[in-house]
Enquirer: 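Sharing a structure below in structure tokens format, with a few things to ask.
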Amino acid sequence: MSDEVGAGTEPNSSSIGAETVVKQYVDDLTLALAQIETGSMTDLLETLILALHAGSRVFVAGNGGSSTAAIHIASDLMAASGTLGGAPQVVALTENIARVTAIANDYSYDEIFSRQLAGWARPRDVLLLLSVSGQSTNLVRAATVGRELGMTVLAALG
């Protein structure tokens, strides 16, 4: 048991390295949070809430870590919009991995979001895209299809 953290032993080099990583992560996260434009985020959230209140659907998409964030945001919006009455519909386009990989396999990874939108989206629905670069072909294609379908297209970038 003497090898466990907190068991009264001196920290080893791996725990010192881990502490450095955790501190850097917290510092990076703090810096990123400080850079958020609260006015823009408020506008984005108001657009989403108004759309849900009007009975429109919200679709959220992203790649990599933004894929996970899309699922989390969709879940939070569903929970928060429960106070609106009715049955608000919020879908992360990444939440069904079988569908995503089938589209990627049968067509192209570039179409994993746009093909889903073509089947489900209606005019006045909202598409929220999450991206660090804003350059992912599948997200750009989804934005194009979303606009063609009469959706409101929003993006959180950087």
Enquirer: Exactly one of V91, T94, V145, L93 should register a side-chain contact (heavy atoms from CB on, under 4.5 Å) with Q116. Which one does?
Expert: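 Of the listed options, the one satisfying the test is L93.
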
Enquirer: Considering all heavy atoms of both residues, which atom of I103 and which atom of R115 are nearest to each other, and what is their separation?
Expert: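 What the structure gives for the nearest pair is CG2-CD, 3.9 Å.
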
Enquirer: Between V126 and W120, is there a shared hydrophobic cluster once you connect ILVMFWY residues whose side-chain heavy atoms come closer than 4.5 Å?
Expert: no

Enquirer: Determine whether L127 and V60 make a side-chain contact, defined as any pair of heavy atoms from C-beta on separated by less than 4.5 Å.
Expert: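 In short, these two side chains do not touch, never coming nearer than 4.5 Å.
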
Enquirer: May I have the step-by-step check of side chain to side chain contact (heavy atoms under 4.5 Å, CB included) for N138 and S136, ending in yes or no?
Expert: CA-CA 6 Å; N138 58 2; S136 300; 3.5 Å; yes

Enquirer: Are L128 and L50 connected in the hydrophobic side-chain network, where two residues link if heavy atoms are under 4.5 Å apart?
Expert: no

Enquirer: Would you say the side chain of L45 lies within less than 4.5 Å of the side chain of L77, judging by non-hydrogen atoms?
Expert: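 With C-beta onward as the side chain, the pair touches.
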
Enquirer: Kindly give the heavy-atom pair with the smallest separation between F113 and G62, and that separation in Å.
Expert: CZ-O, 3.6 Å

Enquirer: Under the side chain to side chain contact (heavy atoms under 4.5 Å, CB included) criterion, do N63 and Y109 qualify, and how do the steps go?
Expert: CA-CA 11 Å; N63 294 302; Y109 189 79; 3.0 Å; yes

Enquirer: What I'd like to find out is whether the side chain of L48 reaches to under 4.5 Å of the side chain of L154, using heavy atoms alone.
Expert: yes

Enquirer: Side chains of E111 and S114: closer than 4.5 Å at any heavy-atom pair?
Expert: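 They are in side-chain contact.
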
Enquirer: Are V140 and V132 connected, step by step, through hydrophobic side chains (Ile, Leu, Val, Met, Phe, Trp, Tyr) whose heavy atoms are closer than 4.5 Å?
Expert: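 Cluster IDs for V140 and V132 differ.
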
Enquirer: Write down the atom of F59, the atom of M151, and the distance for their closest heavy-atom approach.
Expert: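 That closest heavy-atom pairing would be CD1-CE, 3.7 Å.
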
Enquirer: For the atom pair CG (L149) and CZ (R124), what is the distance rounded to the nearest 0.5 Å?
Expert: 13.0 Å

Enquirer: Could you pull out the closest heavy-atom pair between A74 and V90, with the gap in Å?
Expert: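 Minimum heavy-atom separation between A74 and V90: CA-CG1, 3.5 Å.
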
Enquirer: Rounded to the nearest 0.5 Å, what's the gap from CG on L117 to CD on E148? Could you check?
Expert: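 One gets 11.0 Å once the value is rounded to the nearest 0.5 Å.
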
Enquirer: Honestly curious: do L129 and L44 fall in one hydrophobic cluster under the side-chain, below-4.5 Å linking rule?
Expert: no

Enquirer: Working note: L130 + L139, criterion side chain to side chain contact (heavy atoms under 4.5 Å, CB included); need CA distance, chi angles, decisive distance, verdict.
Expert: CA-CA 8 Å; L130 309 175; L139 295 173; over 6 Å; no

Enquirer: Determine yes or no for a side-chain-to-main-chain donor-acceptor pair under 3.5 angstrom, with T30 supplying the side chain and V26 the backbone.
Expert: yes

Enquirer: Taking the side chain as every heavy atom from C-beta outward, state whether V58 and D125 have any pair of such atoms under 4.5 Å apart.
Expert: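 They are not in contact (no side-chain heavy atoms under 4.5 Å apart), so the answer is no.
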
Enquirer: Closest approach of S131 and Q135, non-hydrogen atoms and distance?
Expert: OG-N, 4.2 Å

Enquirer: With no hydrogens and no angle check, is any side-chain donor or acceptor of S108 less than 3.5 Å from a backbone partner on A104?
Expert: no

